[in-house]
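One structure below.
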Protein chains: 4
Amino acid sequence: MSRQFARDKPIYLQVIDQIIQEIVSGERVLGEKLPSVRELAITLGVNPNTIQRVYRELDQRQITITKRGQGTFVTEDKQLVDRMREDLKTQYIEQLVLDMEALGFSKHEILQSLKEGE
Amino acid sequence: MSRQFARDKPIYLQVIDQIIQEIVSGERVLGEKLPSVRELAITLGVNPNTIQRVYRELDQRQITITKRGQGTFVTEDKQLVDRMREDLKTQYIEQLVLDMEALGFSKHEILQSLKEGE
Amino acid sequence: MSRQFARDKPIYLQVIDQIIQEIVSGERVLGEKLPSVRELAITLGVNPNTIQRVYRELDQRQITITKRGQGTFVTEDKQLVDRMREDLKTQYIEQLVLDMEALGFSKHEILQSLKEGE
Amino acid sequence: MSRQFARDKPIYLQVIDQIIQEIVSGERVLGEKLPSVRELAITLGVNPNTIQRVYRELDQRQITITKRGQGTFVTEDKQLVDRMREDLKTQYIEQLVLDMEALGFSKHEILQSLKEGE
DNA sequence: GTGGTCTAGACCACT
DNA sequence: GTGGTCTAGACCACA
């Protein structure tokens with residue numbers, strides 16, 4: 001978990017998205033302990049306050065649970081994770097369709113391109 | 001052509017993408033005169049320097065041609081536009097596949113969702 | 001709006017509660033502009049970041065709406081405010097009953113004391 | 001006597017309040033021996049210094065008496081306990097009335113809500 | 001060790 | 001002017 005940051009989006013949002021992606025894809029399992037605030041801050045080369053905010057917002061969305069003095073853990077709620085997975089899928093695909101239609105492509109053409117394998 | 005700007009991307013890039021989209025989709029035809037720098041700057045509520053930069057970059061990519069004293073015009077090169085259209089299509093679709101696979105979706109699932117009418 | 005802070009509760013929570021109280025009681029009307037971050041920070045003798053957090057959390061609860069470059073405004077949603085008023089009432093009263101019963105007072109005694117006017 | 005601690009109030013104050021509550025409610029009788037500092041510290045999972053401070057403050061308020069080598073005992077002064085009970089009652093109720101009036105509720109509404117039983 | 005709060009101050013984007 | 005993000009670093013409470 002080390003990367004460069006795109007400069008056109010707040011870091012804390014990028015980290016949030018990244019962690020959600022890791023949870024949804026199964027790279028991080030239910031109940032797993034996430035790195036400590038300080039640790040992740042160092043890994044990502046970012047200020048601890050920024051990670052603090054990441055975990056706070058994830059907590060607010062109930063994607064993680066933070067226990068004082070112990071750390072931050074991935075939720076145990078499988079339904080929630082499944083729902084996030086579906087929502088992300090829908091979201092990505094709707095966005096693609098919108099973008100492609102703005103370029104004048106029909107849905108049929110989209111399907112065609114996908115099947116052709118690129 | 002008036003819109004709100006996403007807060008996390010340089011404005012000039014957003015305008016470039018928008019103009020390309022309009023050309024590729026056919027909203028703007030080959031050889032068409034684009035708004036003047038000053039005019040577009042006002043329309044978009046943006047600094048004229050920003051639009052200068054937009055046209056400069058579009059010119060560099062040969063998507064537009066700027067004629068001193070006359071204005072900026074969409075290229076006459078139909079092949080170029082067609083190629084851009086194909087490139088954008090490929091690019092969007094590849095990005096989708098990457099994003100979806102990062103979430104653990106198979107290509108089959110993607111096709112399924114698209115067919116179901118997202 | 002100037003006060004001393006109790007030391008046993010985070011400042012940002014105290015300010016949040018205070019603003020909610022002012023909205024619910026009608027001291028602040030729907031749609032009213034709240035003081036700017038910097039202004040309120042000075043008034044309360046607190047760091048702007050602390051107020052920043054206050055407004056962010058109020059925004060998340062949809063109690064306020066923040067418009068970049070303009071300021072933070074009380075929601076226009078009367079139903080939301082009414083609901084908050086009822087929730088706070090219930091909450092305060094339930095807490096009182098719990099506290100009093102822990103001290104061994106009956107509900108009848110509570111009512112008695114209230115009527116007697118202290 | 002084991003519990004979780006609210007995060008926004010010094011622990012020693014929470015423990016003081018809890019012990020007073022137990023005395024006032026009659027859970028602890030006049031003259032009763034309280035747990036030793038060490039014992040209570042372990043029970044509550046708290047530093048012994050914290051309990052030291054609790055007993056010191058209770059002694060100062062004459063709610064307890066600490067006898068060297070013997071331990072800490074609840075006062076024998078029934079009047080004192082009765083007075084505390086009344087004071088706490090008054091205090092709680094006055095606070096409720098203040099809070100509710102700050103929200104714009106009339107005393108009548110308070111009584112109404114209480115009777116309705118919530 | 002863990003997270004939680006707060007300050008001071010910088011830099012950016014938007015109006 | 002407005003709010004939004006980020007850093008550096010301090011101090012506290014909890015385990």
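Residue numbering restarts at 1 for every chain, and letters A, B, ... go by the order of the sequence lines. Hydrogens, waters and symmetry mates are skipped; everything else that's a heavy atom, side chains included, is used. Keep in mind that this is a model prediction, so the values were computed, not measured.
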What integer distance in Å separates [X]:[atom1] from [N]:[atom2]?
X	N	atom1	atom2	answer
A:N49	F:dT5	CG	P	14 Å
C:Q60	F:dG4	CD	P	11 Å
C:I51	E:dG9	CD1	P	17 Å
C:L34	F:dG3	CG	C1'	13 Å
A:D59	E:dG3	CG	C1'	10 Å

> With sequence neighbours left out, what residues match D:Q52 under side chain to side chain contact (heavy atoms under 4.5 Å, CB included)?
Replying inline: D:V37
Phosphate OP1/OP2 of [N]: any [X] side-chain N/O under 4.0 Å:
X	N	result
A:Y12	F:dT5	yes
C:T72	F:dT2	no
A:Q52	E:dG4	yes

> What does A:R38 touch in the nucleic acid at a heavy-atom separation under 4.0 angstrom: a base, only the sugar-phosphate, or nothing?
Replying inline: base
> Which residue, A:I19, A:T75, A:V74, forms the side-chain contact (heavy atoms from CB on, under 4.5 Å) with A:L58?
Replying inline: A:I19
What nucleotide among [options] has an atom nearest to a side-chain atom of [X]?
X	options	answer
A:Q70	F:dA15, F:dG4, E:dC6	F:dA15
A:V37	F:dG3, E:dG3, F:dT5	E:dG3
C:V46	F:dC14, E:dT7, E:dT5	E:dT7

> Reading DNA chain F 5' to 3', how would its secondary structure be written in dot-bracket notation, given Watson-Crick and G-U pairs with both distances under 3.5 Å, brackets [ ] for crossing pairs and | for partners on other strands?
Replying inline: ||||||||||||||.
